[in-house]
Amino acid sequence: MTEDKFSNKAITHLLRSVAAAYLIKNENRFKIIAYNKAADAVEHLDREIKDVWEDGKLKEIPGIGPSIADHLDEYFKKGFSKHIDWVLSGIPPSVFELMKIRTIGPKKAYKLVKSLKLTQPDTVIADLKKAISENKVANIPSFGNKSQEDIRQAIELYEGQASKKERMPLPYAYSLAQEISNYLKKNPKVKRTDALGSLRRMVATIGDIDIAVEIASAKDADEVISHFTKYPKTLRIENAGGKKASIIIAPNISADLRVQEKEGYGSMLQYFTGSKSHNIKLREFALRKGYSLSEYGVKKVRGSQKLMKFETEEALYSFFGLQYIPPEIREGTNEIELALKNKIPKLVELKEIKGDLHIHSSYDIKPSHDRGSNSYDEIVAKAEKLGYEYVGFTDHNPRFTGVSAEVINKIMKRRKQYIDDIFSTKKFERTKYFIGIEVDILPDGTIALPEKSIEYVDYLIVAIHSSFDMDKDLMTKRIIKALQYPKVKILCHPTGRLLGKRDEYEVDWDKIFSEAKKKDIALEINSWPQRLDLPDTIVRKALEKGVKMAINSDAHSNEEMELLFYGVEVAKRGWAKKNDIINTLSYSDFKKWLVR
DNA sequence: GCCGTTTTCGGCCCGACTGTTTTCAGTCG
C-alpha cells in the first residue's frame, strides 16, 4: 500500500493548498496558476508520483518545474518541505476544510475563519452553520444577507452530497442522453443534437448530462429551451435563460442544454466537449499563433476584433493547422502536438470487431460463479446478427474446491461433446465458434482447472475473482504465474475494479505488460458497465509497450453482447488502433493466433 | 513558478455569474 501522505491525491491537495495560501497572501497570480497547474498535472497523472520521484523524473511532468520539483523532492525525502510549510504558515487548516463548500474559495474561507475564529478543522463546518443561524456571517464586511443564505444552502448541498455523490456509469448516462435527445427532436426547431462533456468523450463515469442543440436562428432558442424544460421526467427546473437551461431529472442527476445556431455550432461543440485541460492547451496553442479562442469563435489578439465562427469542429481544428482530434482522446495529454504533426492514429471502430471472446452461456457446467441465460446456439445466432465471424464460449470453470479432478475433467469433456454435437447438425452461415473457459486465478497463482481439462478447450481466459486485497508484489507474481499455463490467451478484467464499489487491486503493470507481450497474451478490455476494465489510461500504457488487447462483452445474456460498444470506446480513449485488438482479426487469422 | 514552431524573457485561457459594489473581486466550469 502506498503511504497516504505521498499518494497522488495527497500531493494534489498539498499543491492546491499552496496555491490557495498564495492567493490569500496576494502573491503573484501567475505563481498561483503555476501551483494549480502542477496540482492538475499530479491529479491526472497515470502513475504514482512517488514512483516518478524515485525515478528522478519529477521535472519531466509538464507543469512541474525546477522549484516545485525541489520542494517535492524534499517532501518525499523528509516528509515535509520547509518552503511549503513556510507558505502554509499562518493559514489555519480549517480554511482548507471550508473550501470544500461550493462558492467558498480561499479568500472567503480565510475571511470566515478569521472573523469567526473557526479554529477547529474537525468541526469548522458545523461551527459555521451555527454562526449562520446566529446571523453572524451577514455582518462580516463584504458578506451580506444574500451570501449568508447562499453559504447556508451550499453547506446543505455539501452534507447531502457526502452520502450520494456517485457518478453514473457511462452506459446508463448514454441511454438517458439518447432518451432526452429523442424527446428534443420532437420539436421541429431542433435541427441536431449532440452529447457534450465527459459523455461525448465517453469517460467511464459521468457526472451531469450535457446536450447541445443546433437551431436555425436565434429566435428559436426560447421555444427549444421551453420544450426542454417540459421534458416529462423533469423534477425541477434549475435555471432557464436565453442560451442554456438546466433541469433536475432524478434526485442527483441534472441535465444541461445549450442551444446554438449553425454558424457557431462547431465552436460551441468543441468548447463544451472539453476536456478542460484539452481546452486550456488548445487556447494556449491558439494564443501562440496570435489568436484568442472562446466558445463563440476565434479572434485575432491584435488588430481587428472580428469574431470568426466555425460550423464544425473539423473546420476549427483545421483553421489552426491541426488534424481532427476525436473527442475520446481530448484529455490534454499530447494530442495537440501529435495533431500538429498529423500523427493522430485512426482509432479502432466497432465495425472492425470480428468476434466476442468472453460470453457466458446457460449450460450447466456446475460453475464456480454465475451462468448466462442463453444457450450456445442462441449466442451464435445473436453473433450472426451482430456481424461477427466468431464467438468464444467462456463459461466459468466448474466448481473447483471439494471436487475431484476426475469429476471436473468429465464435466469439461461432456461440455465439449455437447457443444460440438449442437453445431454438427445446426449450421450457421457466417459465425464460427471457439470453446473457451474463464478460469479463476487462485491466491497462489495456480488456476482452478485440472491440467487435463485444458485439452477440452481451444483457449483459456483467466481472471482474479477472490483475494483482491493482496500485496502488490504477491499479486503481480500470482498473475504472472497464472499466465504460464498452456492455452492461456487473455487476462480478463485485469484491474478487478467495480466502478463505485471496488477499487483496482495493486499490481506492477510494467511486469504484467512485459510478460503478456512475451507470451503473446492479450489483456482484456471488459465492456461490462461496472467494469470497463482495463481503464483507458492503462490501455494506452500497455499499447505503448506493444501489448495486445481483446475487447469483450462478458455477456451473461444476448442483449448484453451489444455492450461491447462501450469497450470499443474505452479502447479509443486508450488510443487503440485496429491492429492493437486481437478480435479484429478475421476468423482464420484469429485461429492461427490461438495456436501460435 | 512554468515554459518555448516568432521568445531563455515576457508572457501566462476565456467567459459567465453573483454579490456587494460605485468599478470589481471571488468563484466556477
Side-chain angles (χ1 to χ4, degrees), chain A residues 15-16 18-24 26-41 58-72 83-84 87 98-112 137-151 153-154 157 196-198 207-208 210 238-239 241-244 246 254 256 258 264 267-268 270-299 301-302 305 307 320-322 332 336-342:
Chain A
L15 294 169
R16 282 206 209 292
V18 173
Y22 272 149
L23 185 69
I24 292 165
N26 291 316
E27 184 44 278
N28 174 317
R29 71 188 183 99
F30 295 110
K31 213 186 249 190
I32 298 163
I33 291 172
Y35 270 92
N36 271 322
K37 263 196 177 170
D40 286 343
L58 280 183
K59 272 179 237 174
E60 289 178 23
I61 300 173
I64 294 186
S67 292
I68 295 181
D70 273 357
H71 302 324
L72 288 180
H83 176 78
I84 291 176
V87 177
L98 273 194
M99 282 169 54
K100 292 178 184 167
I101 309 289
R102 223 179 120 87
T103 74
I104 299 186
K107 296 233 172 176
K108 285 187 186 174
Y110 185 72
K111 264 186 198 163
L112 288 167
V137 171
N139 296 325
I140 303 171
S142 87
F143 288 81
N145 281 326
K146 187 66 173 66
S147 20
Q148 174 169 279
E149 175 58 17
D150 285 350
I151 292 171
Q153 284 186 18
L157 197 71
L196 296 169
S198 54
D208 297 337
D210 298 323
E238 277 266 282
N239 57 60
K243 293 200 156 196
K244 60 176 193 170
S246 186
S254 75
D256 295 350
R258 287 166 211 280
S267 285
M268 192 266 282
Q270 193 286 317
Y271 175 71
F272 286 107
T273 295
S275 65
K276 184 178 169 158
S277 72
H278 174 81
N279 282 352
I280 289 176
K281 291 193 172 175
L282 188 62
R283 285 171 179 204
E284 285 170 347
F285 176 79
L287 212 54
R288 286 201 293 277
K289 296 202 148 206
Y291 293 97
S292 163
L293 176 64
S294 80
E295 60 260 52
Y296 301 113
V298 174
K299 282 180 193 166
V301 174
R302 292 178 220 294
Q305 290 290 296
L307 183 72
F320 288 110
L322 296 170
I336 291 173
E337 56 185 84
L338 290 178
L340 188 61
K341 297 180 201 151
N342 218 32

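All figures in this text were calculated on a predicted structure; none of them were measured in a lab. Below, read A as the first sequence line, B as the second, and so on, with proteins coming before strands; counting in each chain starts at 1.
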If the condition is side-chain hydrogen bond (donor to acceptor under 3.5 Å, both in side chains), which residues does [X] pass it with, not counting sequence neighbours?
{"X": "A:R283", "result": "none"}
{"X": "A:S142", "result": "A:K111"}
{"X": "A:K108", "result": "none"}

Practice task
Answer yes when A:E284 and A:K37 have at least one side-chain N-carboxylate O distance shorter than 4.0 Å, and no when they do not.
Solution key: yes
Handout entry: Paired nucleotide for B:dG26 [Watson-Crick or G-U wobble; both distances under 3.5 Å]
Key = B:dC17
Mind checking if [X] touches a base, just sugar-phosphate, or nothing, with heavy atoms under 4.0 Å?
{"X": "A:I33", "value": "nothing"}
{"X": "A:R29", "value": "nothing"}
{"X": "A:L282", "value": "nothing"}
{"X": "A:L287", "value": "sugar-phosphate"}
{"X": "A:H278", "value": "nothing"}
{"X": "A:D150", "value": "sugar-phosphate"}
{"X": "A:P106", "value": "sugar-phosphate"}
{"X": "A:K276", "value": "base"}
{"X": "A:Y296", "value": "sugar-phosphate"}
{"X": "A:G63", "value": "sugar-phosphate"}

Fill in the blank from the handout: Regarding B:dT7, purine or pyrimidine glycosidic angle vs 90° from 0 gives syn
Handout entry: chain A contact limits on DNA chain B, taken 5' to 3' with a cut-off of 4.0 angstrom to heavy atoms
Key = B:dG1 to B:dG29
Exercise for the section: Between A:I104 and A:E284, name the one whose nearest nucleotide on DNA chain B is closer to the 5' end. Expected result: A:E284
Problem - Nearest-nucleotide comparison on DNA chain B, the residue closer to the 5′ end among A:K107 and A:K31 - result: A:K31
Pairwise [atom1] distance, [M] and [N] [rounded to whole Å]:
{"N": "B:dG15", "M": "B:dG10", "atom1": "P", "value": "26 Å"}
{"N": "B:dC12", "M": "B:dT8", "atom1": "C1'", "value": "16 Å"}
{"N": "B:dT20", "M": "B:dT27", "atom1": "P", "value": "14 Å"}
{"N": "B:dG1", "M": "B:dT5", "atom1": "C1'", "value": "24 Å"}
{"N": "B:dT23", "M": "B:dT18", "atom1": "C1'", "value": "15 Å"}
{"N": "B:dT7", "M": "B:dG26", "atom1": "P", "value": "36 Å"}
{"N": "B:dC13", "M": "B:dG4", "atom1": "P", "value": "13 Å"}
{"N": "B:dT6", "M": "B:dG11", "atom1": "C1'", "value": "13 Å"}

Practice task
Please name all residues satisfying side chain to side chain contact (heavy atoms under 4.5 Å, CB included) with A:K100, sequence neighbours left out, ordered by chain then number.
Solution key: A:E97, A:Y158
Exercise for the section: Just jot down the ring pair (Phe, Tyr, Trp, His ring centres under 6.0 Å) partners of A:Y35, sequence neighbours excluded, or say none. Expected result: A:Y22
Problem - Greater than 12 external heavy atoms within 6.0 Å of A:K244's NZ - result: no
Problem - Side-chain donor-acceptor contact under 3.5 Å, A:N139 with A:Q148 - result: no
